[in-house]
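Reviewing the structure listed below.
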Amino acid sequence: MSFSQAISLIPGKTGIYIRAAFYRLVCTDTSDEISVGFLTIFSHADTTIEKGVYIGPQCNIGKCTICADTLLGSAVHILSGKNQHNFDDITTSIQKQGGKFEKIRIGRDCWIGNNATVLADVSDQCVIAAGSVSAKSIPNKGDIVAGNPARVIKNRLAGSVDNEKLFT
Amino acid sequence: MSFSQAISLIPGKTGIYIRAAFYRLVCTDTSDEISVGFLTIFSHADTTIEKGVYIGPQCNIGKCTICADTLLGSAVHILSGKNQHNFDDITTSIQKQGGKFEKIRIGRDCWIGNNATVLADVSDQCVIAAGSVSAKSIPNKGDIVAGNPARVIKNRLAGSVDNEKLFT
Amino acid sequence: MSFSQAISLIPGKTGIYIRAAFYRLVCTDTSDEISVGFLTIFSHADTTIEKGVYIGPQCNIGKCTICADTLLGSAVHILSGKNQHNFDDITTSIQKQGGKFEKIRIGRDCWIGNNATVLADVSDQCVIAAGSVSAKSIPNKGDIVAGNPARVIKNRLAGSVDNEKLFT
């Protein structure tokens, strides 16, 4: 995906148009009604970005599906799962042990805050607070998670949400 | 702020001079005696950077005031508050619910470490450890905070500081 | 190191070749059999990268030695220690108090996950989970650490490792 790197450098709205057109062509089932920010890079062509997704600048997008209308802040990292490198064998270097790139799924209408790191599936309509490290699947729709490791602190379906409580 | 993206790409001292001149012109009450690093982008013109501020490379600066002499490491994220997107309504997509961009205030003579994420006001002369997520206002001058969520671990006005203690 | 910034912008394999050649020339005892990713910048020439090291994109590499075969994900921050800025004196601005840039050592055959921040030495064959903030030396070979602050959760030499356990 070296072309992904080259086009990440195009600033402003021109960059956003060109990246949307490019990712629709090269990525699996990807819409061109998406916004991909400046300096954001993709590492796998087998990545699916659905209609209405907004990805901020400085992100790093692994092998994943990001469902419709989801919103990623700046410098969000979506990894291709957490088994990219095996390290069970202490007598072989990690780089030679191989690993597995999983296509994780980020649900629709989620908000993932700036600088969050996501290593596993996220259900629909979840919120991941800025700076969180979400390493386990979030199985429930509407969960709000925060911290490192990220923990569920509330659910959007459970009633009104007080942002102040998110971080205490 | 697409010009902010374009000039973030200029390497070396040339980039630092050009960015200082540019931000003095386009941002509210901003000094040109500032240093803004490579690949650092601003997202709002209503941002105020006072004299003597140093901002490292790869940062992301939202709507804020950064007071005199403050020092930001690399990849620091200053957000425009934590209410940028409302999500109370589960029947409307988050992108359509609107939100509020607040102008947060980072005090003077602070040090914010690499990869820290700041979502709320910071008092004068505070230190935010690298990698911290500072989501609540830091009301006391000189507080030293660390962790996710960031907690006060010491105060600079309370006597000598042992860096080793910062992270235990 | 403004040339480090300029060449960080070269996309694809061309960038990887040019950066390897460049860092072998300007950095202390650095191999050209290394891979340094797109948008990754170095801040000190007194940095040593040994043979077989892989450094992902969007990283920030301070003064350090990275030993053979070690693997860094994306947006990893290796700092020049944690004493870069003194702040004991409340009557002088932090920028004027000076500090110490230490050359930290990352051992051989380590894996440092995406978005991790490392401020101190890491022993050989360690694993640092994505998003961790590793602020204290990791003295034992093969330790696996996670969190902010990073804590030892397992050791690679102690038997088989279950990735699922890494983040619970």
Side-chain angles (χ1 to χ4, degrees), chain A residues 1-10 38-43 57-62 74-97 99-100 102 114-120 128 130-137 147-151, chain C residues 8-16 35 37-39 52-54 56-59 68-71 73-76 108-116 124-127 129-133 141-142 144 146-150 153-168:
Chain A
M1 296 285 277
S2 60
F3 209 71
S4 165
Q5 298 181 354
I7 62 173
S8 77
L9 297 173
I10 307 173
F38 180 64
L39 302 183
T40 287
I41 55 180
F42 282 50
S43 41
Q58 302 165 320
C59 292
N60 188 297
I61 309 296
S74 308
V76 171
H77 281 245
I78 309 288
L79 281 77
S80 313
K82 53 192 166 195
N83 300 299
Q84 296 185 25
H85 301 287
N86 298 328
F87 49 84
D88 271 0
D89 181 358
I90 198 81
T91 63
T92 307
S93 81
I94 292 175
Q95 290 194 40
K96 290 186 178 148
Q97 292 188 49
K100 191 167 59 174
E102 295 156 290
N114 288 27
N115 227 357
T117 307
V118 180
L119 299 91
I128 298 181
S132 302
V133 179
S134 185
K136 297 175 70 178
S137 290
N148 178 3
R151 298 196 190 284
Chain C
S8 77
L9 297 174
I10 307 172
K13 287 189 179 168
T14 311
I16 288 174
S35 179
F38 180 64
L39 303 182
V53 168
Y54 174 93
Q58 303 164 319
C59 292
D69 299 325
T70 278
L71 177 62
S74 307
V76 171
R108 69 173 185 84
D109 188 27
C110 293
W111 173 23
I112 303 184
N114 288 28
N115 226 358
D124 292 345
Q125 302 193 284
C126 288
V127 173
S132 302
V133 179
K141 181 176 163 174
I144 300 170
N148 178 4
I153 49 174
K154 188 122 188 177
N155 188 289
R156 287 177 66 202
L157 286 74
S160 76
V161 173
D162 179 358
N163 274 14
E164 292 305 318
K165 294 253 175 66
L166 284 186
F167 305 98
T168 50

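In the text below, chain A, chain B and the rest are named by the order of the sequence lines, each starting its count at 1. Owing to the predicted nature of the structure, the values given are computational and were not obtained by experimental measurement.
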At a heavy-atom separation under 4.5 Å, does A:Thr92 approach chain C through its side chain, its backbone, both, or neither? backbone

Distance (rounded to the nearest 0.5 Å) between A:Gln84 CD and C:Asn114 CG: 6.5 Å

If you look at every heavy atom in A:Asn148 and C:Gly147, which pair is closest and at what distance? ND2-C, 3.6 Å

Counterpart residues, side-chain hydrogen bond (donor to acceptor under 3.5 Å, both in side chains), relative to A:Ser134 (two or more places apart): none

Which atoms of C:Thr70 come close to chain A, meaning under 4.5 Å heavy atom to heavy atom: side chain ones, backbone ones, both, or neither? backbone

Identify the heavy atoms of A:Ser2 and C:Pro11 that sit nearest to each other, and give their distance. O-CB, 3.8 Å

Please report the closest heavy-atom contact between C:Gly131 and A:Val133, naming both atoms and the distance. CA-CG2, 3.8 Å

Side-chain donor or acceptor of A:Gln5 paired with backbone N/O of C:Leu39 under 3.5 Å: no

Report which part of A:Ile94 has an atom under 4.5 Å of a heavy atom belonging to chain C: side chain, backbone, both, or neither. both

Hey, what do you get for OH (C:Tyr54) to NE2 (A:His85), rounding to the nearest 0.5 Å? 7.5 Å

Per-residue contact mode, A:Asp89 against chain C (heavy atom under 4.5 angstrom): backbone

Where does A:Ser8 contact chain C at under 4.5 Å (heavy atoms): side chain, backbone, both or neither? side chain

Tell me, please, which residues at least two apart from C:Lys141 pass side chain to side chain contact (heavy atoms under 4.5 Å, CB included). C:Arg108, C:Asp124, C:Gln125, C:Leu157

Ranked by heavy-atom pairs below 4.5 Å to chain A, first place among C:Asp69, C:Ile10, C:Leu71 goes to C:Leu71

Heavy-atom distances under 4.5 Å only: say whether A:Leu9 touches chain C with side chain, backbone, both or neither. side chain

Return the CG to CD distance between C:Asp109 and A:Gln95, rounded to the nearest 0.5 Å. 8.0 Å

Say you draw a straight line from OG of A:Ser43 to CZ of C:Phe38; how long is it, rounded to the nearest 0.5 Å? 13.0 Å

So CG of C:Asn115 and CG of A:Leu79: to nearest 0.5 Å the spacing works out to 9.0 Å

If you take all heavy atoms of A:His77 and C:Ser74, which pair is closest and at what distance? CE1-CB, 3.6 Å

